[in-house]
Amino acid sequence: MRNHMWDVVVMGGGIAGLTAARHAQELGVERVLIVERGNDCGENNARISGGLIHPAWMDMKDEPDVIYQAIMDITEGTAVPELARAYADTCENAIDWLIDQGVSIDAKNSDVPYMRWATAPHHSGTGKRIDPTRGPDKMIQTLYSNFLSNGGVVEYNSSIIDAENTDGYWEVKVVNNEDSQVTTKKAQNLVLADGGFQANKWLVDHFVGPNASKSVLRSQSSQQGDSLLIALKNGAKVVGMDKIYGHVVSRNAETNDLLWPYPPLDKMSLVSAVVNSHGELIDEQFSNGIALCNALAKSADPMSYYAVFDDLVWEHEAKDNPYGSPVPNPDLVERGGEIFQASSIEDLSSQIGVENLKDLVEQHNALHDTQNIRKKITSAPYYAVPIAPGITFTMGGILTNAEGEVLNNKEEALPNLYAVGSCTGGLDGGPSNGYVGGLASSLVFGLRTARNIASKIKLATI
Ligand SMILES: Cc1cc2nc3c(=O)[nH]c(=O)nc-3n(C[C@H](O)[C@H](O)[C@H](O)COP(=O)(O)OP(=O)(O)OC[C@H]3O[C@@H](n4cnc5c(N)ncnc54)[C@H](O)[C@@H]3O)c2cc1C
């Protein structure tokens with residue numbers, strides 16, 4: 001039977017699963033299989049990401065205590081301390097490991113901590129289009145190449161659909177996506193790394209909000225929550241399930257992929273009157289675009305919103321983007337995003353069909369006195385941009401300990417079951433939807449999980 005037994009099966013060849021697989025291999029684990037839903041190099045989000053590698057917007061080589069504090073601050077104390085500590089302690093090692101793999105990393109902007117470690121070259125991508133010359137895609141190509149050339153096996157076009165622990169090993173059901181044939185693999189260790197559940201409309205509506213799946217998907221489509229269902233079936237605890245990481249995008253991004261992931265409309269929308277076609281103004285003030293994005297996604301009609309603002313905002317906030325990528329003014333217009341312009345609020349009101357827009361603008365201007373992020377709408381021309389929440393990934397997920405072991409409701413480790421990357425929970429979240437970094441946390445917990453698995457295998461063979 002040993003011949004048919006994999007030491008490790010990894011569910012999903014994104015940055016998290018690949019890191020776990022490649023590092024386990026480096027540590028002497030011999031039979032490592034990645035099962036990947038997509039084709040060549042996988043349908044993972046790192047390939048289309050911005051490639052900025054940071055923990056909670058800090059520098060990967062900041063002091064661990066500084067990183068730890070940043071994680072706890074941005075999540076307002078809700079991150080699991082053990083995970084935050086492990087994350088902070090391993091960031092420097094993770095970036096050094098990635099560079100050792102031959103991945104090209106340099107600063108996109110060395111003055112900004114979260115831009116100091118970025119995959120190179122840095123140019124921005126559009127939608128799901130794979131550009132093999134971009135740094136993030138090159139990173140994934142390099143890791144696949146290293147894994148395959150050292151004896152690793154990848155089964156592309158295949159999805160894990162179920163897994164059960166039988167007599168101390170995992171029986172893993174895999175469907176071939178071309179011919180629908182189902183086979184069973186045996187694995188001593190199973191690593192769940194399928195990237196979250198943002199592309200599964202039912203799960204998004206169930207966990208995030210009843211209409212949240214109407215939002216724009218600002219991600220690949222392969223993140224269907226299969227690992228979440230497998231983990232739940234096997235008794236795992238899940239945490240933070242109602243929050244998403246995302247940015248405000250043009251509503252037209254649903255059909256025009258030149259409009260996502262950039263330009264993000266966060267900065268412009270945060271200062272605007274955010275109104276909807278039902279004649280309502282969002283009266284809450286948000287400190288960041290992720291929080292606004294969550295509020296829109298959880299609303300009754302996520303695809304009904306407009307950001308209404310004046311010329312001052314169009315000339316300032318709409319030209320500003322801290323990520324160094326495309327901005328609303330002028331990229332939104334040049335890429336075909338709708339924008340309404342009028343010399344009076346009355347005219348704007350009839351263009352977008354929001355009859356009480358004048359009242360809503362007055363309410364917004366009055367709220368400005370106490371909510372100073374809002375910018376008063378005073379200076380013609382006036383603008384309205386149809387906006388939507390763009391879901392990049394789901395923040396909540398499977399709870400693990402610091403070594404990647406999946407925990408049950410009593411927070412005890414389930415035998416030989418691990419989870420890494422965006423399918424896990426326990427770090428991102430809190431009242432303001434704090435985001436602690438997707439690539440960096442995937443690298444860190446991929447490495448830690450591999451070390452844990454390798455040391456258990458070593459112990460078992462002594
Ligand atoms: C547009 C965009 C920009 C981003 N920019 C940044 C950034 O600049 N910095 C940053 O830190 N983060 C960024 N992120 C987030 C970051 O990309 C993710 O956090 C990270 O890639 C998650 O890695 P993962 O391996 O957990 O998941 P994924 O990348 O989603 O990989 C999961 C893999 O599992 C496969 N899979 C799914 N289901 C199955 C199944 N049933 N069986 C087998 N395989 C399966 C998928 O095909 C996929 O290849 C960005 C994301 C997006 C979408």
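Everything numeric in this text was worked out from a predicted model, so none of it was measured. In this chain, residues are counted from 1 in sequence order. One-based numbering, in listed order, for ligands and for the atoms of each.
The residues E411 and K237 are annotated as salt-bridged, a charged nitrogen and a carboxylate oxygen being separated by less than 4.0 angstrom. By the 4.0 Å N-to-carboxylate-O rule, K173 lies too far from E164 to be salt-bridged with it. By the 4.0 Å N-to-carboxylate-O rule, R37 lies close enough to D226 to be salt-bridged with it. Look at D96 and K61 and you find a salt bridge, because one of the NZ, NE, NH1 or NH2 atoms lies within 4.0 Å of a carboxylate O, short of that distance. With respect to the salt-bridge test (charged N to carboxylate O, under 4.0 angstrom), the residues E403 and R448 qualify. Taking 4.0 Å as the cut-off between side-chain N and carboxylate O, R116 and D106 do not count as a salt-bridged pair.
At least one N/O-N/O distance between I160 and ligand 1 falls below 3.5 Å. When only interatomic distances are considered, the shortest N/O to N/O separation between C423 and ligand 1 does not fall below 3.5 Å. For ligand 1, the polar-atom distance check against S49 finds no nitrogen or oxygen pair separated by under 3.5 Å. For ligand 1, the polar-atom distance check against S159 finds no nitrogen or oxygen pair separated by under 3.5 Å. At least one N/O-N/O distance between A46 and ligand 1 falls below 3.5 Å. Considering backbone and side-chain atoms alike, Y262 places every N or O at 3.5 Å or more from each N or O of ligand 1. For W260, no nitrogen or oxygen atom sits less than 3.5 Å from a nitrogen or oxygen atom of ligand 1, counting backbone and side chain alike. For a threshold of 3.5 Å applied to N or O pairs, the pair formed by H54 and ligand 1 contains no separation below that value.
Note on ligand 1: Q224 sits outside its first shell, no heavy atom being nearer than 4.0 Å. Residue Y435 places a heavy atom less than 4.0 Å from ligand 1. Within the structure, the closest approach of I53 to ligand 1 does not fall below 4.0 Å when heavy atoms are considered. Ligand 1 lies within reach of S158, whose nearest heavy atom is under 4.0 Å from it.
Of the heavy atoms in A16, both backbone and side-chain atoms come closer than 4.0 Å to ligand 1. With a heavy-atom cut-off of 4.0 Å, E36 touches ligand 1 through backbone and side chain alike. Only the side chain of F393 comes within 4.0 Å of ligand 1, counting heavy atoms alone; its backbone N, CA, C and O stay farther away. With a 4.0 Å cut-off on non-hydrogen atoms, S441 does not touch ligand 1 at all. For L439, heavy-atom contacts with ligand 1 shorter than 4.0 Å involve the backbone as well as the side chain. Under 4.0 Å from ligand 1, heavy atoms of S222 appear from its side chain as well as its backbone. The side chain of T392, and not its backbone, has at least one atom closer than 4.0 Å to an atom of ligand 1 (non-hydrogen atoms only; side chain from C-beta on).
For atom 34 (O) of ligand 1, the nearest protein heavy atom (residue, atom name, distance) is G12 CA, 3.2 Å. The protein non-hydrogen atom at the shortest distance from atom 22 (C) of ligand 1 is S422 OG, 3.3 Å.
Around atom CD of E63, no more than 12 heavy atoms belonging to other residues, nucleotides or ligands sit under 6.0 Å away.
The residue from I161, I15, D162, L52 that puts a heavy atom closest to atom 8 (O) of ligand 1 is L52. The closest non-hydrogen atom to atom 44 (N) of ligand 1, taken over R37, Q220, Q198, comes from R37.
For the salt bridge (Lys or Arg N to Asp or Glu O under 4.0 Å) with D257, the qualifying choice from K128, R129, R218 is R129, the only one to do so.
In this structure, D7 contributes its side chain and V32 its backbone to no donor-acceptor pair below 3.5 Å. Using modelled atom types, one side-chain atom of S441 and one backbone atom of G438 make a donor-acceptor pair closer than 3.5 Å.
Side-chain atoms of E26 and W97 include a donor-acceptor pair closer than 3.5 Å.
If you number the atoms of ligand 1 from 1 as listed, the ones under 4.0 Å from a heavy atom of M11 come out as 40 (C), 41 (N), 42 (N). Residue A193 has at least one heavy-atom neighbour below 4.0 Å for each of these atoms of ligand 1: 32 (C), 33 (C), 34 (O). Interface of Q223 with ligand 1, defined as ligand atoms under 4.0 Å from a residue heavy atom, comprises 28 (P), 30 (O). Ligand-side atoms of ligand 1 in range of G421: 26 (O), range being under 4.0 angstrom from any heavy atom.
Aromatic ring orientation, F309 versus Y383: parallel (interplanar angle below 30°, classes split at 30° and 60°).
Here Y144 and Y156 bring their ring centres to under 6.0 angstrom of each other.
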